[in-house]
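First up is the structure itself, then whatever we jot down about it.
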Amino acid sequence: PHLLPEVEAAYDQQQLKSGAKGALSYAAQAQDYEEAGEHEKAIEAYLKVAPPLTEDRNLMEKCWLKAGELAGKFLSESAAAEVGRRAGEALLGIGAGTAAAELYVQLGMAQEAVDSFVAQKDFVKAKRVAVQLEPELADYVDAKYKEHLKTAGNIDELADVDVISGIQLYIENGEWDKALETAAAQSNQPLLDKYVALYATQMIADEKFPEAVAAFEKYGAPPNPQNMNIYKRLVDEMLARRGTHKAEVYKEWASLRNVLLKIKQGLETEEGADPRYLEVFSRLLEVASLSAARTALGTAKETAGMSAK
């Protein structure tokens, strides 16, 4: 018996020299061991069907899966997991990711199975396995899926599964219209108000004041204390702009007037609203209303003058 390791080593060396024939010899030997009930030896023989003995992917996949199957049936949990890792890594090495994942599932190796399916971009199976074998991994799969969508630039799909991440990615890409439309579709006014305020802040930084006003007019202008400086800044900038009393900017003044009216109405109905804000924005509303009226009058005069010509 003490000579057995040397004999086996010599046999392995001979099979290595035999190439493909050696691989088939190991496969045949594994079947003999299996039939004789020597399962550990059968597993080792199946695992030896590998490069450089053979490049036959189908043969290798078949033998390695068989090794995993025997390990799951006849070895202890820890020993079976070790065989699973060896066979799984070998399968992954030849690009048989799905087969590796299925082997891991068979052996109850949840993390490895999930990682393999995720690597194959098969998130549906990854999630199913997580739920069945180890529910705590479900969030992990979701995170990997979102990461994949973000990397792939599938923002619309990302927004379907994770609204906040989708909106953030739209913003990162400068797609503010889609970001605000997505926020508006959630029927969550505080969420929408947050992103409208962020958009307005960006527009102010870019000196695109009419765009900021238009967003508040379209999506709402809540009387939130944190928004008051934004509103006041927009009024100040509109007043400071050159040519703000020309007829062509009537639409901008009318839009600002509408926003300020919404703010004033909100302050009037908001319980606990600071009365100082109501006073300030009532005055600003008057200014905007007068400016809108003035530009409207200028438009009427220009139109009359053109008609006379």
Side-chain angles (χ1 to χ4, degrees), residues 163 167 170-171 174-309:
V163 173
I167 292 173
Y170 279 134
I171 292 173
E175 298 180 77
W176 276 104
D177 286 345
K178 284 191 174 182
L180 296 180
E181 287 169 7
T182 301
Q186 305 312 306
S187 299
N188 183 334
Q189 194 60 43
L191 178 72
L192 176 58
D193 292 342
K194 169 188 172 181
Y195 286 108
V196 172
L198 286 175
Y199 172 73
T201 301
Q202 183 61 55
M203 292 303 99
I204 288 173
D206 295 340
E207 298 187 355
K208 296 179 179 180
F209 310 112
E211 285 87 341
V213 173
F216 283 123
E217 182 181 25
K218 180 177 181 179
Y219 294 110
N224 299 336
Q226 59 267 34
N227 279 17
M228 294 306 172
N229 285 336
I230 297 175
Y231 299 145
K232 192 171 184 306
R233 173 71 184 278
L234 289 174
V235 175
D236 290 343
E237 293 294 345
M238 288 289 289
L239 287 171
R241 291 174 66 209
R242 291 183 178 180
T244 51
H245 300 301
K246 291 183 178 180
E248 60 266 23
V249 295
Y250 166 73
K251 184 177 179 180
E252 294 176 8
W253 276 111
S255 181
L256 180 62
R257 177 199 62 201
N258 295 340
V259 169
L260 292 171
L261 178 60
K262 289 180 180 181
I263 298 168
K264 178 176 179 292
Q265 291 172 337
L267 288 168
E268 289 172 338
T269 57
E270 181 82 4
E271 186 175 347
D274 190 331
R276 292 173 298 178
Y277 285 140
L278 180 58
E279 180 182 350
V280 169
F281 282 93
S282 294
R283 188 169 64 252
L284 292 176
L285 175 59
E286 290 178 7
V287 172
S289 297
L290 287 171
S291 296
R294 185 179 303 171
T295 54
L297 181 60
T299 300
K301 287 182 177 180
E302 286 187 4
T303 302
M306 291 176 65
S307 299
K309 292 179 181 180

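- What you find for Arg257 and Ser289 is that their closest heavy atoms are CG-OG, 3.5 Å.
- Contact annotation: the side chain of Pro222 approaches that of Asn227 to within less than 4.5 Å [non-hydrogen atoms, C-beta and beyond].
- Side-chain contact check for Ile204 versus Arg233: some heavy-atom pair is nearer than 4.5 Å.
- Annotation: the span from Asn258 atom CG to Lys218 atom NZ amounts to 15.0 Å, rounded to 0.5 Å.
- The shortest side-chain heavy-atom distance between Tyr195 and Ile171 falls under the 4.5 Å cut-off.
- Minimum interatomic distance between Leu278 and Glu268 (heavy atoms only, all atoms of both residues): CD1-CG, 3.7 Å.
- Contact record, Leu261 with Leu285: N-CD1, 3.8 Å, taken as the closest heavy-atom pair.
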Practice item. Test Lys232 against Asp236 for side chain to side chain contact (heavy atoms under 4.5 Å, CB included), laying out the working first. Key: CA-CA 6 Å; Lys232 192 171 184 306; Asp236 290 343; 3.5 Å; yes
Practice item. For the pair Phe281 and Met228, evaluate side chain to side chain contact (heavy atoms under 4.5 Å, CB included) and give the outcome as yes or no after the intermediate values. Key: CA-CA 9 Å; Phe281 282 93; Met228 294 306 172; 3.3 Å; yes
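- Considering only heavy atoms from C-beta on, Gln186 stays 4.5 Å or farther from Leu192 through its side chain.
- Ser255 places no side-chain N or O within 3.5 Å of a backbone atom of Lys251 that could act as its donor or acceptor partner.
- For the pair Ala273 and Leu267, the tightest heavy-atom approach, listed with the atom from each and the gap, is CB-O, 3.6 Å.
- Of all the heavy atoms in Ala292 and Trp253, the pair that sits closest is CA-CB, 3.8 Å.
- To the nearest 0.5 Å, the span separating NZ on Lys264 from OG1 on Thr269 amounts to 10.5 Å.
- Rounding to the nearest 0.5 angstrom, the gap separating the CD atom in Glu175 from the OG1 atom in Thr182 is 9.5 Å.
- To the nearest 0.5 Å, the span separating CD1 on Ile263 from CD on Gln265 amounts to 10.5 Å.
- Taking CZ of Phe216 as the start and CG of Leu256 as the end, the distance is 11.0 Å to the nearest 0.5 Å.
- A side-chain hydrogen bond (donor to acceptor under 3.5 Å, both in side chains) check over residues 202-216, counting only residues at least two apart or in different chains, returns the pairs Gln202-Asp206.
- The six-membered or imidazole ring of Tyr199 lies away from that of Tyr219, with a centre-to-centre distance of 6.0 Å or more.
- Under the 4.5 Å side-chain criterion, counting only non-hydrogen atoms from C-beta, Leu198 is in contact with Trp176.
- For Asn224 (side chain) and Gln226 (main-chain N/O), no donor-acceptor pair under 3.5 Å exists by modelled atom type.
- Atom OG of residue Ser282 and atom CD of residue Glu279 lie 8.0 Å apart, to the nearest 0.5 angstrom.
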